[in-house]
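I have placed the structure first, in the form of structure tokens, so that the comments after it can refer back to it.
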Amino acid sequence: MDLGLTAKVALVTGGSKGIGAAVARGLAREGARVAICARGRAALEQVARDIAAATGAEVVPAAGDLTRPGDVQRVVDATVARFGRIDILVNNAGAAPGGQILDLSEEDWQLALQLKFMGYVRCARAVIPHMLKQGGGRIVNIVGNDGVKPLGFELSPSAANAADLAVTVALAEQYGRHNILVNAINPGPVGTERWDQLVAGIARIHGISVQEAQRKVDRSIPLGRIARPEEIADVAVFVASEPASVMNGPLILLDGGQRKALME
């Protein structure tokens, strides 16, 4: 299937590792020109070189902190200056501090909302004027299934993700008529560095080993395993593509059919 992504311009936040790097690689493999954003410049530049070498695509690192509105605008402006447009925004940056309500400080809540929620809002707000001017675009928000299935030990991420989902649906309604399609992908557990931190937290809360916590999580998923970053990326690339031209507003759950609580 031709995904119609050749020469499209994509900006992927959180692009230096995990799901973001996998999405950037998938888009580049389909012929898109890609800007990747993250806070750590050295890692970002290395990933950009690796993806460019593997795919032959033009991949540009654009370091920035999405909790800072000025950084967001600078990254978007730099992408447009380099490529002339932005066709696709993949919002992926940010992980909120986990914990139960008595564990979370005011600062933890502010960090969760400033990065995982407001970071997404800032990026959308910065790219939408360009998409309106060029007659359309795609916004893909990588959120998380705890936005629809909240977890008590992941309280601030659940809240930030729920807010991201609300914004996704509202933007889809507002901008669909302008051919700006806005969708969300909600991964369950995915094998990334972030997951290593989460499963260690699960083990600590329940007083069990990390290995036992991982086994319990695996048993909660009908597939019997957590996802790979590339499996999430493949869906994100399709959602950003031309064949997905009627997809506007869905909240796509990618959790292997997980329905039980993680630790049942």
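For clarity, every value in this text was computed on a predicted model and none was experimentally measured. Side chains included, hydrogens not; waters and symmetry mates left out as well; all remaining heavy atoms used.
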(request) Using the side chain to side chain contact (heavy atoms under 4.5 Å, CB included) rule, take V239 and M247 through it: C-alpha gap first, then chi angles, then the decisive distance, then the call. (result) CA-CA 7 Å; V239 170; M247 292 185 68; 3.9 Å; yes
(message) side chain to side chain contact (heavy atoms under 4.5 Å, CB included) for T13 and V75? Distances and angles first, verdict last.
(response) CA-CA 10 Å; T13 69; V75 166; over 6 Å; no
[atom1]/[X]: more than 12 non-hydrogen atoms of other groups inside 6.0 Å:
{"X": "R204", "atom1": "CZ", "answer": "no"}
{"X": "R39", "atom1": "CZ", "answer": "no"}
{"X": "R41", "atom1": "CZ", "answer": "no"}

Same cluster or not: are [X] and [Y] linked, directly or through other Ile, Leu, Val, Met, Phe, Trp or Tyr residues, by side-chain heavy atoms under 4.5 angstrom apart?
{"X": "F117", "Y": "V169", "answer": "no"}
{"X": "V140", "Y": "L171", "answer": "no"}
{"X": "L113", "Y": "L165", "answer": "no"}
{"X": "L251", "Y": "V121", "answer": "no"}
{"X": "V143", "Y": "Y175", "answer": "no"}

Rounded to the nearest 0.5 Å, how far does [atom2] of [Y] lie from [atom1] of [X]?
{"X": "D77", "Y": "I86", "atom1": "CG", "atom2": "CD1", "value": "8.5 Å"}
{"X": "D255", "Y": "N145", "atom1": "CG", "atom2": "CG", "value": "5.0 Å"}
{"X": "I185", "Y": "N91", "atom1": "CD1", "atom2": "CG", "value": "11.5 Å"}
{"X": "R85", "Y": "K8", "atom1": "CZ", "atom2": "NZ", "value": "6.0 Å"}
{"X": "R219", "Y": "Q258", "atom1": "CZ", "atom2": "CD", "value": "13.0 Å"}
{"X": "E242", "Y": "D87", "atom1": "CD", "atom2": "CG", "value": "8.5 Å"}

Note, [X] side chain near [Y] side chain (heavy atom, < 4.5 Å):
{"X": "I142", "Y": "P187", "answer": "yes"}
{"X": "V237", "Y": "R29", "answer": "no"}
{"X": "Q110", "Y": "S156", "answer": "no"}
{"X": "R74", "Y": "D71", "answer": "yes"}
{"X": "I139", "Y": "I180", "answer": "yes"}
{"X": "V127", "Y": "T79", "answer": "no"}
{"X": "V190", "Y": "E231", "answer": "no"}
{"X": "Y120", "Y": "T168", "answer": "no"}

With a cutoff of under 4.5 Å between side-chain heavy atoms, which Ile, Leu, Val, Met, Phe, Trp and Tyr residues group with [X]?
{"X": "L102", "value": "I101, L104, W109, L155"}
{"X": "V246", "value": "none"}
{"X": "L115", "value": "L66, V72"}
{"X": "V60", "value": "V9, F83"}

Which atom of [X] lies closest to which atom of [Y], heavy atoms considered:
{"X": "I51", "Y": "T55", "result": "O-OG1, 2.7 Å"}
{"X": "A160", "Y": "A112", "result": "CB-O, 3.9 Å"}
{"X": "V59", "Y": "A28", "result": "CG2-CB, 4.5 Å"}
{"X": "P61", "Y": "A48", "result": "CD-CB, 3.9 Å"}
{"X": "T192", "Y": "P229", "result": "CG2-CG, 3.9 Å"}

(request) Before accepting this row, confirm whether a basic side-chain N of the pair D218/R215 lies closer than 4.0 Å to the acidic partner's carboxylate O. (result)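 No, this pair does not count.
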(request) Give every residue pair that meets the salt bridge (charged side-chain N to carboxylate O under 4.0 Å, His left out) criterion with at least one member in residues 112-127, sequence neighbours excluded. (result) none
(message) Taking salt bridge (Lys or Arg N to Asp or Glu O under 4.0 Å) as the definition, give me every residue that meets it alongside E107, ordered by chain and number, with sequence neighbours left out.
(response) none
(request) Given side chain to side chain contact (heavy atoms under 4.5 Å, CB included), test R33 with R82 step by step and report yes or no. (result) CA-CA 10 Å; R33 298 171 290 170; R82 179 65 173 264; over 6 Å; no
(message) Using the rule given for side chain to side chain contact (heavy atoms under 4.5 Å, CB included), can you reason through N141 versus D164, listing the C-alpha separation, both sets of side-chain angles and the distance that settles it, and then say yes or no?
(response) CA-CA 8 Å; N141 292 326; D164 283 328; 5.7 Å; no
(request) Consider only side-chain N and O atoms of N161 and S158, and report whether a donor and an acceptor are under 3.5 Å apart. (result)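 Side-chain D/A pair, N161 to S158: absent.
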(message) Any side-chain to backbone donor/acceptor pair from R138 onto L181? Under 3.5 Å, distance only.
(response) no
